[in-house]
Amino acid sequence: MLNILLNPKQKKYQELIDETNKFHQTISKYSNNELKLQTHKLKKLLLKGQSLDEILPEAFSTAKEAIRRALGLELFNVQILGGIILHYGKIAEMKTGEGKTLVGILPSYLNALNSNGVHVITVNDYLAKRDAELVNKVYKYLNISVGLIQQSMNTNERKQQYNCHITYITNNELGFDYLRDNMAIQKTDIVQRQFNFAIIDEVDSILIDEARTPLIISGLYEDTTKKYEISRVISDKLNKYIDYEIDEKTRNITLTDSGIIKCENLLNVKNLYDINNPWIQYILNALKAKELFFKDVHYIVKNEEIIIVDEFTGRIMEERRWSDGLHQAIEAKENKKIQPENQTLASITYQNLFLLYQKLSGMTGTAKTEETELDKIYKLEVEEIPTNKTCRRQDLPDLVYKYEYYKWKAVSNECHDMHEIGRPILIGTTNVEKSEFLAKILDELELPYNILNAKPENITREAEIITQAGRKSAITISTNMAGRGTDIILGGNPDAMTKIILSNYIKNILKLPFNNQFIQKISNEIKIILKTLDIHLIKSQITSNNINQYIEEAISLVSVKDDLLYKNIQGVYLKILNEYRLIFAKEKKDVLKLGGLHVIGTERHESRRIDNQLKGRAGRQGDPGSSRFFLSLEDNLLRIFGGDKISKLMQVLNIDDTTPIESTILTRSLNSAQKKIESYFYDIRKQLFEYDEVINYQRQAIYAERKRILESHFTRDCIIEYAQSTIDDMLSTYDQTSSNKTIIVGRISKLLNITEDLNIDRIISTINKKQVQSFLYEQIRITYDLRESYLEQLRPGLIRQLEKYYLLQQIDQAWQKHLEKMMFLRESIGWRSYGQQDPLIEYKNEGFHLFVNMVTYIRQTVVYLIMRSRLIINLPKE
Ligand code: ADP
Ligand code: MG
């Protein structure tokens with residue numbers, strides 16, 4: 001049996017791997033039917049009281065066999081190890097191309113056996129779909145249902161998908177569904193089940209990069225468009241250094257005294273910081289938009305809208321907006337329509353969203369550098385898993401140029417040389433602008449290339465470009481990490497290529513929009529094969545929307561449908577696939593001989609992890625490969641964080657402009673600069689987390705209460721409870737003086753709408769506080785009974801509807817107002833100075849008060865409204 005190199009900590013896992021493989025020997029002899037019965041058998045073992053841990057080897061081996069039958073792939077031992085780590089709720093660090101998609105199947109299957117749901121979370125819709133379709137082939141052998149959630153789906157579809165054993169979904173959809181569920185007015189609108197077990201793919205990207213901005217659902221708010229426009233005009237009149245200062249490290253702007261006075265004069269206001277007519281944040285946002293946020297770097301303009309480009313991934317983030325007015329300020333700067341300011345209706349950070357899971361796990365090629373954060377915030381331990389074959393990639397030392405100009409020259413020379421000899425290259429750039437800059441240079445050199453960045457015209461071809469990036473002489477320019485999740489196969493990916501050609505050819509025949517580039521390249525032999533499809537296609541039901549799924553189904557070897565077009569497509573697919581297999585196999589040999597994929601970095605990123613991700617594109621599964629970073633002293637990282645050391649060093653070395661420097665001192669200060677930034681961003685995320693934690697407890701409480709109401713069939717108890725708490729609240733200031741007594745009891749009876757002609761004064765003068773309480777409790781019951789029978793006469797069942805309606809409405813409104821107050825509180829705490837006091841503690845204290853007030857307010861209003869519900873009898877029917 002294969003033994004893999006294990007560190008001592010991982011040794012305990014060896015036993016499990018061995019056991020899995022032993023079981024597998026037996027199971028591999030099972031018939032398809034017997035294999036399917038395994039699921040039933042394992043479920044029964046669980047019912048009999050065995051634990052998931054105990055049945056792990058048998059479940060894993062069952063899944064392993066299903067993978068073998070469905071895909072023809074034999075799982076490696078390192079993949080089984082990865083599966084074990086995931087099952088134990090940790091992060092498995094496995095390099096790119098090690099087959100993490102399949103690794104996820106093992107723990108998903110095991111944990112799906114108790115039917116509480118398993119979520120596999122990916123970074124985008126494309127990957128969710130791709131992976132769900134792939135694993136579905138496997139799970140067909142196991143009687144396990146796989147759900148897939150896509151952005152376009154409606155409530156019913158979502159619910160169905162969440163009810164599957166295993167659901168593939170993006171982090172975005174998961175978060176928004178969670179928030180939407182907690183705003184549901186009816187139980188039937190809720191789509192999610194409990195948060196049981198999740199596997200996050202590309203976990204660092206989600207838990208670290210994306211965790212910098214919270215998810216927000218918002219509604220329209222007051223119109224402050226004018227303020228943004230005016231602030232933009234003012235920002236143009238202010239001068240850098242004189243009126244304001246920029247701290248590039250923290251990306252913060254502060255007004256100088258002269259700046260403040262200038263603004264106040266221009267605006268004709270007395271105090272820029274006046275809380276009732278606040279201008280300061282508008283001005284600062286306008287300045288930020290002017291100085292710190294650039295088109296095609298931080299955002300792009302698409303269909304007249306400003307769309308954020310994620311700094312780390314280079315992806316565009318549709319639907320997301322910068323908060324606190326920054327987005328509007330940028331809209332003002334770009335002269336685009338300013339979207340009205342939004343009120344936050346619900347929000348959550350990814351940190352707190354993922355902590356909702358009973359068990360959480362993740363996989364990625366790069367997590368080790370962020371180990372502390374993953375452990376501190378998510379309690380996730382990172383375990384490095386050895387590669388299946390030893391990595392042969394050569395990471396060449398950085399070359400640092402004095403000026404950026406010479407750096408780009410060197411990069412383009414390197415592209416030229418590699419292209420000449422036929423080696424495929426992948427060039428990582430830090431933003432859209434730079435990727436296009438390099439593209440222009442390559443145009444001048446007449447070098448062909450593919451470009452992958454956040455521009456919409458490029459993004460649709462993302463996977464397509466990456467699958468062909470390993471072909472001979474291919475040059476691929478990419479913003480960092482674009483194409484994450486799709487691995488680069490040397491020589492090209494025949495399977496993906498065939499599908500792309502098939503789909504474009506069919507689209508062409510059916511007159512759907514298609515990509516001509518692929519049709520042009522087809523050889524005559526392949527064209528002849530494709531032509532046999534023509535007559536069958538005419539009657540087909542294929543549309544732009546279903547074409548890819550149609551092809552997937554048609555070519556699937558377990559395809560059940562007895563359909564002529566299916567069979568034809570399958571036949572054509574296999575023929576073309578064979579052709580490309582031959583072509584690409586030959587190309588692969590050539591590329592291997594040349595040294596495999598060469599990765600070029602053009603700037604050190606703010607985090608080492610992102611650089612590692614780029615490097616990891618080369619040398620997958622023991623392939624040869626290399627990487628090299630070209631840097632310049634003008635790069636942001638060195639300029640801002642490098643410190644004096646480097647410029648001093650430059651003077652000492654006194655080298656000419658075109659010669660790169662390779663020096664250990666330089667590399668060391670680069671590394672320390674990177675670490676500085678990493679910890680800076682970590683602090684920001686930690687702060688976001690700590691502040692959100694305060695709201696998180698409150699959110700949990702409110703959501704739990706909401707859920708209780710939504711699921712309750714008898715909300716009367718809840719109303720009575722609210723009324724009693726309200727009575728208690730009011731009685732808490734009750735003392736023996738008779739005037740105080742009368743006032744309070746009077747107030748209470750008014751609130752509760754106790755209209756009975758009671759001689760309260762007389763009653764309460766004879767009894768003590770406890771008795772007053774029971775008296776009022778009783779009164780509330782009586783009054784409510786009356787109200788209920790009165791309403792029941794008018795329309796049976798109405799009272800229960802009203803109760804639910806008021807309860808949910810009041811909770812939601814109060815919660816939204818509360819969120820707003822909390823936001824102001826946070827901002828104002830930032831402006832105030834507390835001397836030695838920790839602002840977080842202040843925030844916690846004041847936040848708690850606000851919360852208590854809100855809860856009291858909700859109870860009172862609900863009771864007040866319901867007690868007067870006769871006035872609202874004309875509510876529209878359901
Ligand atoms: P990762 O997510 O780790 O980068 P993927 O899951 O995308 O890797 O898999 C990369 C490629 O490796 C895929 O083409 C997949 O089919 C292939 N692969 C995965 N596991 C195996 C295996 N055990 N044997 C052969 N090929 C495998
Ligand atoms: Mg992957």
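Just follow the structure's listing: the first ligand is 1, and inside any ligand the first atom is 1.
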Inset, instruction - State plainly whether the residues Asp18 and Lys22 are in salt-bridge range, i.e. N to O under 4.0 Å. - result: no

Inset, instruction - Please state whether Met94 comes within less than 4.0 angstrom of ligand 1, counting heavy atoms only. - result: no

Legend entry - Shortest protein contact, atom 20 (N) of ligand 1 (heavy atom only): Gln79 NE2, 3.0 Å

Inset, instruction - Output yes when a side-chain donor or acceptor of Gln79 lies under 3.5 Å from a complementary backbone atom of Gly99, and no otherwise. - result: yes

Inset, instruction - Give a yes or no on whether Gln358 atom CD has more than 12 heavy-atom contacts from other residues, nucleotides or ligands under 6.0 Å away. - result: no

Inset, instruction - For the pair Phe195 and Tyr357, name the ring-plane relationship: parallel under 30°, tilted 30 to 60°, perpendicular over 60°. - result: tilted

Inset, instruction - Test Lys499 against Glu552 for salt bridge (charged side-chain N to carboxylate O under 4.0 Å, His left out), laying out the working first. - result: CA-CA 8 Å; Lys499 280 183 210 162; Glu552 281 298 333; 2.9 Å; yes

Inset, instruction - Pull out every atom of ligand 1 sitting under 4.0 Å from any heavy atom of Leu102, numbered as shown with elements. - result: 19 (C), 20 (N)

Legend entry - Atoms in ligand 1 flagged as close to Arg620, the criterion being non-hydrogen separation under 4.0 Å: 10 (C), 11 (C), 12 (O)

Inset, instruction - Check whether the ring centres of His165 and Tyr139 lie less than 6.0 Å apart, and answer yes or no. - result: no

Legend entry - Lys129 and Asn548 side chains, donor-acceptor separation under 3.5 Å: no

Inset, instruction - State the atoms of ligand 1, each with its element, that fall below the 4.0 Å cut-off from a heavy-atom position in Thr101. - result: 5 (P), 6 (O), 7 (O)

Legend entry - 4.0 Å protein heavy-atom contact status of atom 17 (C) of ligand 1, strictly under: no

Legend entry - Test item, Met363 contacting ligand 1 (heavy atom, 4.0 angstrom): no

Inset, instruction - Keeping the roles fixed (side chain from Asn111, backbone from Pro107), state whether a donor-acceptor pair exists under 3.5 Å. - result: yes

Legend entry - Nearest option to atom 8 (O) of ligand 1, as decided by whichever heavy atom of Gly99, Ala496, Gly365 sits closest: Gly99

Legend entry - Carboxylate-amine/guanidinium proximity below 4.0 Å for Glu93 and Lys95: yes

Inset, instruction - Please confirm whether Lys95 comes under 4.0 Å of ligand 1, counting heavy atoms of the residue only. - result: yes

Inset, instruction - Compute the shortest N/O to N/O distance between Lys100 and ligand 1 and return yes if it is under 3.5 Å, no if not. - result: yes

Inset, instruction - Ignoring angles and geometry beyond distance, decide whether Leu73 reaches within less than 3.5 Å of ligand 1 through its nitrogen or oxygen atoms. - result: no

Legend entry - Glu173 CD: over 12 foreign heavy atoms closer than 6.0 Å: yes

Legend entry - Contacting atoms of ligand 1, where contact means under 4.0 angstrom from a heavy atom of Asp487: 10 (C), 11 (C)

Legend entry - Which residue and heavy atom of the protein sit nearest atom 24 (N) of ligand 1, plus the separation: Phe76 CZ, 3.3 Å

Legend entry - Atoms in ligand 1 flagged as close to Leu75, the criterion being non-hydrogen separation under 4.0 Å: 23 (N)

Inset, instruction - Assess whether side chain to side chain contact (heavy atoms under 4.5 Å, CB included) is satisfied between Tyr109 and Lys64, documenting all intermediate values. - result: CA-CA 10 Å; Tyr109 176 61; Lys64 181 179 160 133; over 6 Å; no

Legend entry - Under 4.0 Å to a heavy atom of Thr96 - the qualifying atoms of ligand 1, by number: 4 (O)

Legend entry - Contact bool for atom 13 (C) of ligand 1 (protein heavy atom, d < 4.0 Å): no

Inset, instruction - May I ask you to identify the nearest protein heavy atom to atom 4 (O) of ligand 1, giving residue, atom name and distance to one decimal place in Å? - result: Gly97 N, 2.6 Å

